[in-house]
Amino acid sequence: MDAIAHSALSHAASRGTIAADLLAWYDTHARALPWRVRPGGNAADPYRVWLSEVMLQQTTVAAVIPYFAAFTARWPTVADLAAAPEEDVMAAWAGLGYYSRARKLVECARAVAAMGGFPGTEAELRALPGLGPYTAAAVAAIAFGQRAVVVDANVERVVARLFAIDDPLPGGRAAIRAATDAITPDARCGDFAQGVMDLGASICRARDAQCLICPLSAHCAARVAGDPLTYPVKPAKVAKPERQGRAYALIRDAGAGAQVWLVRRAGKGLLGGMRALPDDGWTARADGSATPPMPGDWRAGGRLRHVFTHFALALELQVYLAPPSATPPSGEGEWWPLAQIEQAGLPTVFARAAALIPRAPD
DNA sequence: AAATCGTGGGT
DNA sequence: TACCCAAGATT
């Protein structure tokens, strides 16, 4: 027997099932993440699992960690979160993005509190606000030990490579899900899901498949073919349109006690429900209508470029230093101390714009 | 069912 | 720099 054949044979002989090999790797390589800590007990806390999963939707672990810490410190239980004013939760979410998640979070917390706790089946979880196919399966598996087929972007990538599934997304998701179902174990389903996600995040990465240290390399069709980076096959991306618009900083009592006029955006749509500077309508048009919130001596206060998911915005800040007796605009809004603007819970685009407002030296 | 919905970090 | 990507859900 030549060396290569012998190597392949011994490799195959020491190979377990995909689930067994993955779980053995997870036992020694699991990332230490805050939502995996189980203070005061051995059972996973469904509240912490759910909260982390919602925060992690389309969001990196590094971005979530400080928000998870702040939320769990301020609202230790789902009942605490259910009792919180929605505006407080929206402000606490500011900067994390996809703000409809924050509203659904409150909706869900209140529904769960009214039910007396989280339901324990995937179907019941799926019916809660903000829980789609992924999150419902993840909470069922991780918090309740139920067998569920958990498919996120990491799982899609790992499984597409394992079985060399080359059907382009999103159509290819059916085959990927079926393959994931086939390798998902009955026992330790939550650990299996988290293990595949950890593998995808640390080894089987989008632009860097480290097959030499991968615990599943013996099972992997893409590794054999030598082209793991080609999976999963994704559709071509479309160019982002450019929009331009203005935001308005209406200032009164210019000086150390300066205040700025803030509004609350409509509940749905871009940055829905968030506190914000008034703007000229770039949300709905490629070009804003350039109408300030009130007449006045508006002057250019700086520019910034901000890239959203499906368009890029060139934003010009307009500033008006109104007299102390100025009557505020007729619409809803509030005066906010400029010195504490960072506490206002502005989404990032408006926080960046507010940072351009000239400050009076005190 | 294709479009919409944020942001920060890595390359 | 510009692009890619991340524990997707909703309509």
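So that the names make sense, note that chain A is the first sequence line, chain B the second, and so on, each numbered from 1. This structure is a prediction, so every number in the text was calculated from the model and none was measured. What's counted below: heavy atoms across the whole structure, side chains too, no hydrogens, waters or symmetry copies.
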OP1 or OP2 of B:dT7 less than 4.0 angstrom from a side-chain nitrogen or oxygen of A:His306, does that happen here? yes

Less than 3.5 Å apart, any donor N or O on the side chain of A:Glu53 or A:Tyr134 sitting next to an acceptor on the other? yes

C:dA7 and B:dT4, which share atom name P, separated by this distance in whole Å: 24 Å

Tell me which nucleotide among C:dC5, C:dG8, C:dA7 gets nearest to the side chain of A:Tyr98. C:dG8

Mind checking if A:Val307 touches a base, just sugar-phosphate, or nothing, with heavy atoms under 4.0 Å? base

Picking from B:dG6, C:dA6, C:dG8, which would you name as closest to the side chain of A:Leu271? B:dG6

Which is true for A:Pro129 with a 4.0 Å heavy-atom rule: it touches a base, it touches only sugar-phosphate, or it touches nothing? sugar-phosphate

Tell me which nucleotide among C:dG8, C:dA7, C:dA9 gets nearest to the side chain of A:Gln58. C:dG8

For A:Arg299, I'd like to know if atom CZ has over 12 heavy atoms of other residues, nucleotides or ligands within 6.0 Å. no

Residue whose closest nucleotide on DNA chain C lies nearer the 5' end, A:Thr60 versus A:Arg126: A:Thr60

Quick one, A:Cys204 and A:Arg161 - any side-chain contact, counting heavy atoms below 4.5 Å? yes

From CH2 of A:Trp93 over to C1' of B:dT7, roughly how many Å is that when rounded to an integer? 13 Å

Here the distance between atom P of C:dC5 and atom CG of A:Asp208, to the nearest Å, is 13 Å

Which whole-number value in Å describes the distance from A:Leu304 CG to B:dG8 C1'? 16 Å

Within the structure, does a side-chain N or O atom of A:Ser52 lie under 4.0 Å from either OP1 or OP2 of C:dA7? no

Taking atom types as they are modelled, is there a donor-acceptor pair under 3.5 Å from the base of C:dA7 to the side chain of A:Arg31? yes

Please check the phosphate of B:dT7 (OP1 and OP2 only) for any side-chain N or O of A:Tyr99 closer than 4.0 Å. yes

Rounded distance in Å - CG (A:Leu56) to P (C:dC5): 19 Å

Under a 4.5 Å cut-off applied to non-hydrogen side-chain atoms, are A:Arg305 and A:Glu242 in contact? yes

ring-ring contact (aromatic ring centres under 6.0 Å, His included) partners for A:Tyr67, two or more places apart: none

Mapping A:Gly272 and A:Pro170 to their closest nucleotides on DNA chain B, which lands nearer the 5' end? A:Pro170

In whole angstroms, how far is the P atom of B:dG6 from the CZ atom of A:Arg243? 12 Å

Might you list the N or O atoms of the protein lying below 3.5 Å from N or O atoms in nucleotides 2-4 of chain C, with each pair's distance?
residue, atom, partner, partner atom, Å
C:dC4, OP1, A:Lys237, NZ, 3.2

Can you list every side chain to side chain donor-acceptor pair (under 3.5 Å) pair that touches residues 335-356 of chain A, not counting sequence neighbours? A:His306-A:Arg352

Between the base of B:dG6 and the side chain of A:Thr59, is there a donor and acceptor pair under 3.5 angstrom? yes

Which of these nucleotides, C:dA6, B:dT7, B:dC5, is closest to any side-chain atom of A:Leu270? B:dC5

Let me know, please, whether A:Ala63 or A:Gly269 comes out on the 5' side of the other along DNA chain B by nearest nucleotide. A:Gly269

Report the nucleotide, chosen from C:dA6, C:dA9, B:dG6, that has the shortest atom-to-atom distance to any side-chain atom of A:Asn154. C:dA6

Between C1' of B:dG6 and CH2 of A:Trp282, the distance in whole Å: 11 Å

Could you please name the option among C:dA7, B:dT7, C:dT11 that lies closest to any side-chain atom of A:Met197? C:dA7

Can you tell me if the side-chain N/O atoms of A:His310 get under 4.0 Å from OP1 or OP2 in B:dC5? yes

Which nucleotide wins on minimum distance to the side chain of A:Ala206, given the candidates C:dA6, B:dG6, C:dA7? C:dA6

Given atom NZ of A:Lys268 and atom P of C:dA9, what is their separation to the nearest angstrom? 19 Å

Under 6.0 Å between the ring centres of A:Phe71 and A:Phe68? no

Touch class at under 4.0 angstrom, heavy-atom based, for A:Thr309 against every strand present: base

Checking the side chain of A:Asp280 only, and the main-chain atoms of A:Ala290 only, is there a donor and an acceptor separated by less than 3.5 Å? yes

Whole-Å P distance, C:dA9 and B:dG8: 22 Å

In terms of side-chain geometry, is the basic nitrogen of A:Asp181 or A:Arg147 positioned less than 4.0 Å from the acidic oxygen of its partner? yes

Can you measure A:Arg101 atom CZ to C:dG8 atom C1' for me and round it to whole angstrom units? 9 Å

OP1 or OP2 of C:dC5 sitting under 4.0 Å from any side-chain N/O of A:Arg157? no

Taking A:Asp198 first and then A:Arg31, would you say they form a salt bridge - that is, a charged N and a carboxylate O separated by under 4.0 Å? yes

Among the nucleotides C:dA7, C:dA9, B:dT7, whichever has the atom closest to the side chain of A:Thr135 is C:dA9

